Amino acid sequence: MVGSGGREHALALRLLASESVGEVVVTPGNAGMRMAPQRFAPKVLRSVAGNPVEVAVHEAVDLVVIGPEVPLCAGLADELAARGLTVFGPTRAAAQLEGSKAFMKDFAVRHGIRTARHEVVRASGELEQAVQRFGEAPVVKADGLCAGKGVVVAESASEALDAARGMLSGEAFGDAGKTLVLEERVEGAELSLHALSDGERFVLLPAAQDHKRLLDGDRGPNTGGMGTHAPAPLATPELVERARREIFEPALRGMAAEGNPFRGALFAGLMVTPARELVLLEFNVRFGDPETQVMLATIDGDLGDALDGAARGALDPAALAPAARHAVCIVLAAHGYPEKPRTGDAISGLDAAEALEDVSVLHAGTAVSGDAIVTAGGRVLGVRASAPTLTDARERAYAAVGRIQFDGVQFRRDIAARAFGEILS
Ligand code: AMP
Ligand code: GLY
């Protein structure tokens, strides 16, 4: 497993729990993954530093699972495959679906996938006229990877212009911003839907909702994600069926037809409009974080078999099935996140939180310092609980959060609250 976040911690634990898996090696891993969980003994989870290709070859692993988008877009799957390894994660060419927003938008148009109207801008001379062609202020997106910061949902044309100029000049995001996508703003509720695919067949995972703003009530700055719940009540079976037909089928067929079959996790960021239309906002070529934490707690089946099958081009679509459970994950972030996260705050209460039934504390930005676990990044921990009902999962997750302390901790108190509105409405 390549990566070091909460997503990888959740994947590693679920893989250890899979009958098909004997051992998990994570590179580089994090402090949480270095605390070997006893409940899986004699199976072990190890963290190893080093170049991922060399680690995989040296450890003679049967399967490599790549977590984050940066190595995928840089071609790590291709490099590993060239060394004879079996890889869950798309090739560099297929990873363009996330690595270039202009590629993704053109691809969606080519294959009849509904997405917001857009224009690609490459030169500042074209900018003003392009912005004017949108009725309201367009959303401004840097073409390349920007660690989740490359999108500005502007409130006015002048704000959009300022953001766009900062990107085009290279000041904001370097080369990643020198090509822009302007797109129509879409209103609605956001949904995260994931498919595991072997390039041809695919299986959908339970729909999740993320909470991207820092503060309760969707206020404050955008973050990598402050919490999730699954399955999302917004995603009725009928809506999921439409997403399958209108988005995943054409996308996976289109990638294969263009010579880039997609093997890995395809994550569609969707907007469900008030008229209940589905608009594709983005594709990611990997599991979402913190969506993965809740999706894995709401499926039954052997994850090792599913990922291995997808990697080998022989996915059994029945390998994973929805479980009769609900999960909520609450992110605990460091003081100063997202602008300037403070590090080095000692964390207590981890064992007490995990002593609660069906609670897992998934590490992201943590480190070991002497005898203590300390904060070492923006999103520090994901506290996940599962239960037969969403109400119970949510209560349990907040009870666990109440047992964990560190100075300056930030978390939202309304994770999954909107789901209850959706149940009622
Ligand atoms: P993206 O990385 O493209 O998903 O954009 C990040 C976030 O910006 C999304 O999760 C949405 O909250 C918001 N966003 C992106 N595109 C649009 C759009 N066309 N209309 C409204 N909000 C958007
Ligand atoms: N939680 C959103 C993402 O992983 O991109």
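A quick note: this is a predicted structure, and the numbers were derived from the prediction, not measured. Numbering of ligands and ligand atoms starts at 1, following listing order.
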With atoms numbered from 1 as shown, which atoms in ligand 1 lie under 4.0 angstrom from a non-hydrogen atom of K212? 10 (O)
Would you say G225 contacts ligand 2, with heavy atoms under 4.0 Å as the rule? no
Under 4.0 Å from one or more heavy atoms of E183, ligand 1 contributes atoms 16 (N), 17 (C), 18 (C), 19 (N)
Between E282 and ligand 2, does any nitrogen or oxygen pair lie at a separation below 3.5 Å? no
Compute whether any side-chain donor of one residue and acceptor of the other, for R325 and S386, lie under 3.5 angstrom apart. yes
One residue to check: K101. Relative to ligand 1, which of side chain, backbone, both or neither has a non-hydrogen atom less than 4.0 Å away? side chain
Going by an N to O cut-off under 4.0 Å, is there a salt bridge joining R165 and E128? yes
Could you tell me if any non-hydrogen atom of E184 lies under 4.0 Å from any atom of ligand 1? yes
T228, portion touching ligand 2 at heavy-atom distance under 4.0 Å: neither
Charged N to carboxylate O below 4.0 Å: is that the case for R122 and E126? no
Below 4.0 angstrom from a heavy atom of L281, which ligand 1 atoms are there? Numbered from 1 as shown, please. 3 (O), 11 (C), 16 (N), 17 (C), 18 (C), 19 (N)
May I ask you to say whether R110 pairs ionically with D106, meaning some side-chain N is under 4.0 Å from a carboxylate O? no
Are G148 and ligand 2 in contact, using a heavy-atom cut-off of under 4.0 Å? no
Quick one, E277 and E246 - any side-chain contact, counting heavy atoms below 4.5 Å? no
Are the charged groups of E59 and R46 less than 4.0 angstrom apart, N to O? yes
Is the closest N or O pair between M271 and ligand 1 shorter than 3.5 Å? no
What atoms of ligand 2 come within less than 4.0 Å of a heavy atom belonging to F267? 3 (C), 4 (O), 5 (O)
Considering the heavy atoms of R185, write down every atom of ligand 1 situated less than 4.0 Å from one of them. 20 (N), 21 (C)
Has ligand 2 got any nitrogen or oxygen that is less than 3.5 angstrom from a nitrogen or oxygen of R286? yes
Contact check, R7 vs ligand 2, heavy-atom distance below 4.0 Å: no
R413: which of I330, V401, D216 passes side-chain contact (heavy atoms from CB on, under 4.5 Å): D216
